[in-house]
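Structure record follows, encoded as structure tokens.
To find a chain, count down the sequence lines: A is the first, B the second, and so on, and within it residues start at 1. Hydrogens, waters and symmetry mates are skipped; everything else that's a heavy atom, side chains included, is used.
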There are 2 protein chains.
Amino acid sequence: MSSLVMTSDQILASARNFIVSGGYNGFSYADIAEVVGVRKASIHHHFPSKVDLVRTLVARHRERTEVSMADLESKFPDPLALLQTYAGYWAKCIEDASVPFCVCALLASELPALPPEVAVEVRAYFRSLSSWLTKVMNRGAEQGILKFAGSAELEAETFMATVHGAMLSARANGNPALFDAILTPTVQRLSAKVH
Amino acid sequence: MSSLVMTSDQILASARNFIVSGGYNGFSYADIAEVVGVRKASIHHHFPSKVDLVRTLVARHRERTEVSMADLESKFPDPLALLQTYAGYWAKCIEDASVPFCVCALLASELPALPPEVAVEVRAYFRSLSSWLTKVMNRGAEQGILKFAGSAELEAETFMATVHGAMLSARANGNPALFDAILTPTVQRLSAKVH
DNA sequence: TGAAGTCTACCTACTAGAAGGTAGACAATG
DNA sequence: CATTGTCTACCTTCTAGTAGGTAGACTTCA
């Protein structure tokens with residue numbers, strides 16, 4: 001805890017950027033060392049192994065997401081506004097290229113080849129996000145603000161799939177705006193209001 | 001062309017399996033050598049470099065997909081049946097674990113870190129698939145068989161995003177059936193028939 | 001027809017460099 | 001003075017890729 005910006009946080013941030021761009025096997029300790037400006041051995045001091053590093057990263061990502069979601073719910077009681085804000089958050093991250101992909105979505109695609117300790121955390125993130133979305137869908141249906149044909153669980157999974165798929169399409173097309181182009185009508189379609 | 005099953009085809013098939021499970025950097029020539037039962041040097045004989053191997057794999061995947069799609073169109077003139085068959089094809093591949101993920105979807109997620117020669121081919125696959133889907137959406141709307149609010153292009157991109165996102169959700173949840181659970185209502189929603 | 005040359009597919013053995021990781025010395029600092 | 005963070009210097013294993021060679025099938029042509 002010497003400098004203002006802690007080295008361990010810089011290491012985590014750099015690891016996240018690398019993973020978001022090329023996955024678990026797409027970077028090395030040497031890559032991070034160069035970005036952060038320390039030696040490889042110093043990274044091992046903070047995170048003894050690559051598994052430790054990525055497990056910590058994913059666990060922290062889930063915790064922060066859970067806090068953000070609780071935060072969002074207190075600010076926007078309306079379930080439709082909640083979905084709009086969630087989609088809008090990612091639209092902004094993708095369009096300003098600050099976080100062009102979800103780190104857990106990328107790791108989930110490599111799940112069968114991931115070290116088990118990391119895989120566990122990635123699955124936990126997906127469970128956490130889908131249970132939050134299910135809650136939102138349920139509340140929206142009860143309040144007559146959202147409408148959908150199937151169960152809240154299925155609608156939550158479908159919404160999540162569309163979000164992650166839209167990230168992929170935006171990336172594959174080299175067109176960040178495509179994310180919002182897909183998400184805005186998708187959220188709108190869930191609205192119970194005539195449109 | 002000595003044996004019945006060509007070694008180069010076995011190499012490509014093995015590479016596809018590895019990529020589908022862990023991405024471009026998730027396997028080595030040694031891994032393939034072990035599966036196919038030849039030495040590393042023999043793989044270099046067929047595919048001088050890893051870039052050659054994966055570029056060939058993706059290019060062939062696109063060509064075969066294009067042929068399959070043309071084939072499908074001649075068998076099923078109905079645009080709705082076309083979408084159902086396409087979704088059903090993937091549902092089968094995922095559920096019997098023969099091809100649990102689209103090789104191009106996985107590579108697209110790693111696009112920024114991919115060798116340029118491979119990245120070009122992956123983008124070509126996405127363009128090819130989305131232009132086919134756009135064609136189907138357009139025809140469906142003209143014939144009054146499909147109905148959707150926005151443009152055919154956007155509907156095609158949204159459908160593609162849902163397919164790829166559903167693959168990811170099925171993988172993250174360790175539940176192959178989730179793919180079909182998401183896709184069946186998604187296709188149904190596009191039907192112009194009352195339901 | 002059979003010898004010479006060529007081609008394909010594979011092999012063993014090797015390389016340089018990158019991977020993740022370790023041991024131990026040296027500062028700073030509370 | 002003990003803890004924390006960093007360093008240099010190293011290790012082992014794996015990486016893609018190369019060098020050079022062998023066995024056998026196919027061609028060419030005297």
Side-chain angles (χ1 to χ4, degrees), chain A residues 1-58 60 106-107 110 112-119 121, chain B residues 1-19 21-58 60 107 110 112-119 121:
Chain A
M1 254 200 257
S2 48
S3 74
L4 261 165
V5 184
M6 276 183 291
T7 304
S8 67
D9 285 347
Q10 288 180 274
I11 293 167
L12 285 169
S14 167
R16 193 205 55 185
N17 290 342
F18 276 120
I19 291 173
V20 158
S21 103
Y24 185 85
N25 292 301
F27 74 102
S28 70
Y29 268 38
D31 294 325
I32 294 178
E34 206 188 331
V35 170
V36 175
V38 292
R39 301 290 162 167
K40 278 196 313 163
S42 305
I43 303 174
H44 280 286
H45 168 73
H46 293 282
F47 305 98
S49 76
K50 197 178 180 180
V51 169
D52 288 316
L53 169 57
V54 180
R55 187 175 23 76
T56 305
L57 174 65
V58 176
R60 188 171 297 193
L106 215 151
L107 290 173
E110 305 177 321
L114 245 37
E117 302 94 318
V118 176
E121 294 293 339
Chain B
M1 252 199 259
S2 48
S3 74
L4 261 166
V5 183
M6 275 183 290
T7 304
S8 66
D9 286 345
Q10 288 180 275
I11 293 167
L12 285 169
S14 166
R16 194 205 55 185
N17 291 341
F18 277 120
I19 291 174
S21 104
Y24 185 85
N25 292 301
F27 74 101
S28 71
Y29 269 38
D31 294 324
I32 294 178
E34 207 189 330
V35 170
V36 175
V38 293
R39 301 291 162 164
K40 278 195 315 159
S42 305
I43 303 174
H44 280 287
H45 167 72
H46 292 283
F47 305 98
S49 75
K50 197 177 180 180
V51 168
D52 289 315
L53 169 57
V54 180
R55 186 175 25 75
T56 305
L57 174 64
V58 176
R60 188 172 297 193
L107 290 173
E110 304 176 322
L114 244 37
E117 301 95 318
V118 176
E121 293 294 339

>> Measuring to OP1 and OP2 of C:dC11, would you say a side-chain N or O of B:Ser42 lies under 4.0 angstrom away?
In response: yes
> Nearest 0.5 Å, what's the CG-CD1 distance between A:Asn25 and A:Ile19?
Replying inline: 10.0 Å
> Atom OH of A:Tyr24 to atom C1' of C:dA19: distance rounded to whole Å?
Replying inline: 12 Å
> Of all the nucleotides listed (C:dA19, D:dT15, D:dA16), which has the minimum atom distance to the side chain of B:Ala30?
Replying inline: D:dT15
> Does the side chain of B:Ser14 pick up a donor-acceptor pair with the side chain of B:Asn17 at under 3.5 Å?
Replying inline: no
> Counting just side-chain N and O atoms, does B:Ser28 come under 4.0 Å of either OP1 or OP2 of D:dT15?
Replying inline: yes
> Which listed nucleotide (C:dT12, C:dT22, C:dA19) is nearest to the side chain of A:Asp31?
Replying inline: C:dA19
> At under 4.0 Å between heavy atoms, what does A:Phe47 touch on the DNA or RNA strands: base, sugar-phosphate, or nothing?
Replying inline: nothing
> If you check every side-chain atom of B:His44, which of D:dG17, C:dG20, D:dT8 has the closest atom?
Replying inline: D:dG17
> How are the rings of A:Phe27 and A:Phe18 set relative to one another: parallel (under 30°), tilted (30 to 60°) or perpendicular (over 60°)?
Replying inline: parallel
> Choosing from D:dG17, C:dC11, C:dG21, which nucleotide comes nearest the side chain of B:Ser49?
Replying inline: D:dG17
> Taking C-beta and beyond as the side chain, do A:Val51 and A:Tyr24 meet within less than 4.5 Å on heavy atoms?
Replying inline: yes
> Between D:dC7, C:dG20, C:dT8, which nucleotide has the shortest distance from any of its atoms to the side chain of B:His45?
Replying inline: C:dT8
> Is the base of C:dG21 touched by the side chain of A:Lys40 through a donor-acceptor pair closer than 3.5 angstrom?
Replying inline: yes
>> At less than 4.0 Å, is any side-chain N or O atom of B:Thr7 found next to OP1 or OP2 of C:dC10? Yes or no.
In response: yes
>> Expressed as a whole number of angstroms, how long is the span from A:Gln10:CD to D:dT6:C1'?
In response: 14 Å
